[in-house]
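Below: one structure, written as structure tokens.
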Amino acid sequence: MSWQAYVDSSLIGTGHIKKGIITGHDGTAWAYSAGFSPSAPELKALIKGFSDNAGIQSSGITLQGNKFMTLRADNRSIYGKKGAGGIVAVKTGQAVIIGVYEEGTQPGQATTVVEKLADYLIENGY
């Protein structure tokens, strides 16, 4: 399956993720949903949060100019919230999967989608 197919079917296709992107650890986009292209500095700041949990907890998460309050940050997962929507980012061995959800999706549903895709990629060497 191509990286774009993972975004289209495993993230957006679930109906729980509105926008998604898969990047490398350097912030280079591998695949993304239509109309979702966070800047390189935004992606790098988010990815840095996996190693600097306190930093992203205090600064929050910004993607495409939208600021999210950080709810959780550790070396695997970063969760953020903005209004009734939010963001889930999960780091695998080679990639970072980011899913944005909107009002109408429960945070747990979005989290499950992104975390399961991450588990699948980890199991397959990514």
Side-chain angles (χ1 to χ4, degrees):
M1 190 181 288
S2 72
W3 293 114
Q4 191 61 52
Y6 285 121
V7 170
D8 295 342
S9 64
S10 299
L11 293 176
I12 309 303
T14 66
H16 299 303
I17 300 295
K18 183 72 173 175
K19 302 175 199 169
I21 187 168
I22 299 175
T23 74
H25 288 179
D26 62 356
T28 303
W30 294 357
Y32 49 88
S33 59
F36 188 55
S37 56
S39 71
E42 289 174 337
L43 291 171
K44 287 179 182 177
L46 172 62
I47 292 166
K48 182 180 177 191
F50 290 106
S51 59
D52 180 12
N53 305 146
I56 202 160
Q57 286 280 3
S58 63
S59 68
I61 305 156
T62 302
L63 289 179
Q64 277 195 303
N66 295 307
K67 183 146 184 162
F68 299 84
M69 177 181 70
T70 306
L71 300 175
R72 170 187 170 174
D74 59 37
N75 64 353
R76 175 188 159 100
S77 304
I78 297 174
Y79 303 158
K81 183 169 178 55
K82 178 179 180 183
I87 180 172
V88 179
V90 183
K91 184 178 177 183
T92 70
Q94 299 179 35
V96 176
I97 305 158
I98 302 167
V100 177
Y101 62 94
E102 296 182 346
E103 184 174 357
T105 297
Q106 293 297 317
Q109 293 171 313
T111 300
T112 298
V113 167
V114 179
E115 293 277 0
K116 280 188 176 179
L117 178 55
D119 288 342
Y120 174 79
L121 293 178
I122 289 167
E123 288 169 10
N124 287 280
Y126 291 100

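Computed from a prediction, not measured in an experiment: that's the story for all the values here.
For residues 17-35, the side chain to side chain donor-acceptor pair (under 3.5 Å) pairs, not counting sequence neighbours, are Asp26-Thr28.
In this structure a side-chain-to-backbone donor-acceptor pair under 3.5 Å is present from Thr112 to Gly108. At distances below 3.5 Å, not a single donor-acceptor pair connects side-chain atoms of Lys48 with backbone N or O atoms of Phe50.
Residues Val90 and Ala118 come closest through the heavy atom pair CG1-CB, 3.3 Å.
Linking Ile, Leu, Val, Met, Phe, Trp and Tyr residues whenever their side-chain heavy atoms come within less than 4.5 Å places Ile87 and Leu43 in a single cluster. Val88 and Ile98 sit in two unconnected hydrophobic clusters of ILVMFWY residues. Membership requires side-chain heavy atoms under 4.5 Å apart, directly or through other members. Cluster annotation: Ile61 and Ile22 are assigned to distinct hydrophobic clusters (Ile/Leu/Val/Met/Phe/Trp/Tyr, side-chain heavy-atom contacts under 4.5 Å, transitive). No continuous path of hydrophobic side-chain contacts links Val100 to Tyr79 [ILVMFWY only; heavy atoms under 4.5 Å]. Note on Ile97: it does not cluster hydrophobically with Leu46, by side-chain heavy-atom contacts below 4.5 Å among ILVMFWY residues.
A search for side chain to side chain donor-acceptor pair (under 3.5 Å) contacts involving Ser77 returns Glu115, not counting sequence neighbours.
Inter-residue side-chain proximity for Val7 and Ile21 is flagged as unmet; no heavy-atom pair is nearer than 4.5 Å.
Atom NZ of Lys81 has more than 12 neighbouring heavy atoms from other residues, nucleotides or ligands inside a 6.0 Å radius. In Phe36, the CZ atom is crowded: over 12 heavy atoms of neighbouring residues, nucleotides or ligands sit closer than 6.0 Å.
Across Tyr6, Trp3, Tyr120, a single residue satisfies ring-ring contact (aromatic ring centres under 6.0 Å, His included) together with Tyr126, and that is Trp3.
A donor and an acceptor atom, one from each side chain of Gln57 and Asn53, are nowhere located under 3.5 Å apart.
The CD1 atom of Ile122 sits 11.0 Å away from the CD atom of Gln94 when rounded to the nearest 0.5 Å. Taken to the nearest 0.5 Å, the CD1 atom of Ile17 stands 8.0 Å off from the OG1 atom of Thr111. Put simply, OG1 on Thr14 and CD1 on Ile12 are 7.5 Å apart, with the number rounded to the nearest 0.5 Å.
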What pairs of donor and acceptor atoms, side-chain ones from residues 62-73 against any protein atom, are under 3.5 angstrom apart with sequence neighbours left out?
unit_1, atom_1, unit_2, atom_2, d
Gln64, NE2, Gly35, O, 3.3
Asn66, OD1, Lys82, NZ, 3.3
Lys67, NZ, Ser59, O, 2.6
Thr70, OG1, Ile56, O, 2.8
Arg72, NE, Asp74, OD2, 3.1
Arg72, NH2, Asp74, OD2, 2.7

